[in-house]
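Along the sequence shown, residues are numbered consecutively beginning with 1. Predicted model only: the values in this text are computed from it and were never measured.
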Amino acid sequence: LDVRLRGKYGMSDAQTAVGVMDLETGRLALVRADREEYAASLAKIGILLAYFDAHREAGEKIDPTVERELGEMAKISSNEMASKYSHELGLKNIQKVLTEKYGFYDAKRGGGIWVGKHYGKGTKRYGSPVGDNSHAATVRQVMRFFVMLEQGKLVSAAASKEMRKIFESPALKHDDIKFVKGLAGRDVPLKLLSDLYAP
């Protein structure tokens, strides 16, 4: 599929990295899974994780305004909300959670999830060790993030459940310029992994 689709759209292997998991069997397929890519929107999951790591009580009781703002950041990729929470938490603290607590960044294995710059204007920047990216991700580490989230292993079972709820945020419309645009007009509901997969 990778070769065929790249051929069809004139893409090189340097332009694709893919991970697919069968949620019923657990079978996994990865293509170039450890190549770090610049990933501004995707890296926001690191801010979300760091927020819950710093505010462990939020898994049980979260302020509704914070819940909505984190939903805007995680679901519709609000740079304003990402900047608000990255400033609150601090870039070095966010990356410490990602790298040291959860192993979501490992320079010896191609990189991973990296948050090295506030979103929007600002001069403070910490480039990733592998690709010198401000924000980055690898397929393997993003997939690990969501599998661990489903297993209730990010911060706590309660925090993982609340993070899944934030990703769903039914009151917020999906940003239809991204992959969900491809589902427009189809009778396909968007579900959380937890709707499909029992850990």
Side-chain angles (χ1 to χ4, degrees), residues 14-19 21 30-55 58 66-150 153-155 159-160 162-164 166-169 172 174-175 177-180 192-193:
Q15 294 175 296
T16 61
V18 182
M21 176 179 251
L30 301 169
V31 178
R32 292 174 288 283
D34 296 310
R35 187 179 65 217
E36 182 176 295
E37 302 283 350
Y38 175 73
S41 293
L42 197 50
K44 290 169 183 169
I45 64 177
I47 301 171
L48 183 69
L49 174 61
Y51 179 85
F52 278 89
D53 188 76
H55 301 276
V66 172
E67 185 178 48
R68 180 183 51 76
E69 290 178 347
L70 291 174
E72 290 175 13
M73 178 186 75
K75 182 174 180 178
I76 59 176
S77 195
S78 166
N79 285 344
E80 180 185 356
M81 290 302 114
S83 185
K84 175 181 177 175
Y85 287 97
S86 67
H87 276 94
E88 176 189 310
L89 296 161
L91 295 172
K92 296 260 175 144
N93 292 331
I94 293 167
Q95 204 55 48
K96 186 174 182 180
V97 170
L98 289 168
T99 303
E100 296 178 20
K101 286 197 172 184
Y102 293 95
F104 287 127
Y105 195 93
D106 185 347
K108 294 177 183 174
R109 294 180 177 231
I113 303 170
W114 185 266
V115 181
K117 187 176 182 297
H118 299 297
Y119 290 78
K121 294 180 180 179
T123 56
K124 189 181 287 186
R125 180 187 184 276
Y126 305 101
S128 63
V130 172
D132 193 32
N133 291 298
S134 301
H135 307 102
T138 62
V139 166
R140 186 182 310 278
Q141 295 300 351
V142 170
M143 292 194 76
R144 275 190 67 234
F145 177 96
F146 283 105
V147 168
M148 290 177 72
L149 183 69
E150 285 306 308
K153 294 180 179 177
L154 294 184
V155 182
S160 293
E162 179 60 35
M163 281 187 267
R164 291 195 306 267
I166 284 169
F167 279 114
E168 183 177 9
S169 296
L172 298 173
H174 286 285
D175 182 351
I177 66 165
K178 298 200 168 65
F179 105 98
V180 294
L192 289 173
L193 291 178

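- A donor-acceptor pair under 3.5 Å links the side-chain atoms of K75 to the main chain of E168, judged by distance alone.
- In summary, the side chains of H118 and S83 do not present any donor paired with an acceptor at a separation below 3.5 Å, with no hydrogens or angles considered.
- One distance of note links CG of D53 with NZ of K101; it measures 3.5 Å at 0.5 Å rounding.
- Between R164 and E150 the shortest side-chain heavy-atom distance falls below 4.5 Å.
- Atoms CD1 and CZ, from I166 and F52 in turn, are 3.5 Å apart once rounded to the nearest 0.5 Å.
- With H135 contributing its side chain and S41 its backbone, the two residues share no donor-acceptor pair below 3.5 Å.
- The two residues L89 and A54 come nearest to each other via the heavy atoms CD2-CB, 3.8 Å.
- Minimum heavy-atom separation, A14 to R35: O-NH2, 3.4 Å.
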Candidate pair L98 and Q141, rule side-chain contact (heavy atoms from CB on, under 4.5 Å), full reasoning: CA-CA 10 Å; L98 289 168; Q141 295 300 351; over 6 Å; no
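- Remark: the Y105 side chain and the E36 side chain contain an N/O donor-acceptor pair separated by less than 3.5 Å.
- One N or O on the side chain of S128 and one on the backbone of D132 form a donor-acceptor pair closer than 3.5 Å.
- Annotation: the span from R32 atom CZ to T16 atom OG1 amounts to 3.5 Å, rounded to 0.5 Å.
- A donor atom on one side chain and an acceptor atom on the other are found under 3.5 Å apart for E69 and Y85.
- Annotation for E80: atom CD does not count as buried by contact number, only 12 or fewer foreign heavy atoms lying within 6.0 Å.
- Using a 4.5 Å heavy-atom threshold, the side chains of R144 and V147 count as separate.
- One distance of note links NZ of K96 with CG of L91; it measures 14.5 Å at 0.5 Å rounding.
- Under a 4.0 Å N-O distance rule, the pair E72/R68 qualifies as a salt bridge.
- In this structure, CH2 on W114 lies 15.5 Å from CG on L42, to the nearest 0.5 angstrom.
- For the salt bridge (Lys or Arg N to Asp or Glu O under 4.0 Å) with D34, the lone residue among K108, R140, R109 that qualifies is R140.
- The CD atom of E37 sits 9.5 Å away from atom CD of Q15, with the distance rounded to the nearest 0.5 Å.
- Here the side chains of L49 and I45 are not in contact, with every heavy-atom distance at 4.5 Å or above.
- A 4.5 Å side-chain heavy-atom check between K44 and M81 finds every atom pair outside the cut-off.
- Inter-residue side-chain proximity for M148 and Y102 is flagged as met; some heavy-atom pair is nearer than 4.5 Å.
- Shown here for L48 and A74, the closest heavy-atom pair between the two residues is CD2-CB, 4.4 Å.
- Across every non-hydrogen atom of V142 and A137, the tightest pair is CG2-CB, 3.8 Å.
- Between Y119 and M73 there is no side-chain heavy-atom pair separated by less than 4.5 Å.
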